[in-house]
Amino acid sequence: MAKATLSIASKNYGSWSLRGWLLCKMSGLDFDEQPVASDDPSTRAELLLLSPSFLVPCLTHDGVKIWDTLAIAEYLHELLPRAGLLPKGRAERARCRSISGEMHSGFSNLRSALPMNLKAHYPGFKVWAGAQADIDRVATIWRECLDESKGPYLFGVAPCMADAMFAPVASRFQTYAVKLDPACAGYRDTILAMPFMQEWIAAANAEPDEVEELDVEF
C-alpha cells in the first residue's frame, strides 16, 4: 500500500486538521505529515473560520486527494475496515454518521466564540447565549451516546470517527473552562488523555505563536 500524505495546518489552532490527523492515526494508516504555512489562504480560512469549505486537512493516497474530513473518514473506513472507525452495528453506524455530520456542519456559534487554542486557558470565561446552546447540544449528544454505549468513548471501548470529530470540542471545553456534568467532563478527560491526543498537544505546545488574530486576550 502506498504511503499517504496528510496536509495539515497549525496543531495549536487547526481543529479540522486535528480531526483528519486523528482519523488517520486511528485507522493505522502509514502517512507523512505535510504542514501548510499559516500564510497559505486555505490554512487561514480553516483557522479563522473564513470559509465554509476548507482545503486542509487534505489526504493524498494512491493518486487520490480527499480534502473533506467526513470524506477522509469514509475513505479510511473503506480502506482499513478492521480499524473500527465506524461501529459494527447498523444502528450505531447510522448514529455515528449522524452526529459526525452534525458536528461537521453545525455549531457555528461554538466555533466562533470558543476557537481552538491548545496553549491557552481562560478560567471564568463568559460564554454567550448562542454558544451555550451549542454547548448544551454537544453535552446532550455525549450523554446519549455514553448512556447507550457505556463508554468510555461515544460508541464503546475504542475511539471511532465520532470521537475524532468531537475531539477539538473537548479541547475547547478545557481551554475555556466550560462547566460540564460529570459524565461529559469524564468523556472530555478521556479524549484529552488519548495517546494520539497527547502527541498532538505536545506538538502544538512546541509551535511558535503565528496567528495573532487567535491569540487575543479574552
Identify the heavy atoms of [X] and [Y] that sit nearest to each other, and give their distance.
X	Y	result
Leu79	His61	CD2-CE1, 3.8 Å
Leu70	Ser100	CD2-CB, 3.9 Å
His121	Gln174	ND1-O, 3.2 Å
Arg188	Leu180	NH1-CD1, 3.9 Å
Ser149	Leu154	OG-O, 3.1 Å
Lys11	Met116	O-CE, 3.7 Å

>> Between Glu33 and Leu6, is there a side-chain heavy-atom distance shorter than 4.5 Å?
In response: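 Result no, sub-4.5 Å side-chain heavy-atom pair not found.
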> Can you find a pair of side-chain heavy atoms, one from Trp67 and one from Val56, that are under 4.5 Å apart?
Replying inline: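 When only atoms from C-beta onward are counted, Val56 and Trp67 do not touch, as no gap falls below 4.5 Å.
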>> If you apply the rule side chain to side chain contact (heavy atoms under 4.5 Å, CB included), what do you find for Glu74 with Leu86, and how did you get there?
In response: CA-CA 9 Å; Glu74 293 288 355; Leu86 284 166; 3.9 Å; yes
> Could you go step by step and tell me if Met165 and Trp16 meet the side chain to side chain contact (heavy atoms under 4.5 Å, CB included) rule?
Replying inline: CA-CA 8 Å; Met165 293 299 293; Trp16 288 107; 3.7 Å; yes
> How are the rings of Tyr176 and Phe125 set relative to one another: parallel (under 30°), tilted (30 to 60°) or perpendicular (over 60°)?
Replying inline: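 Because their plane-to-plane angle lies in the 30° to 60° range, the rings of Tyr176 and Phe125 count as tilted.
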>> Under the criterion side chain to side chain contact (heavy atoms under 4.5 Å, CB included), I'd like the reasoning laid out for Phe166 against Ile191: C-alpha separation, chi angles, the key distance, then a yes or no.
In response: CA-CA 9 Å; Phe166 280 93; Ile191 291 297; over 6 Å; no
>> Can you confirm whether Gln198 is buried at CD, in the sense that more than 12 heavy atoms of other residues, nucleotides or ligands lie under 6.0 Å from that atom?
In response: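 Correct, the count exceeds 12.
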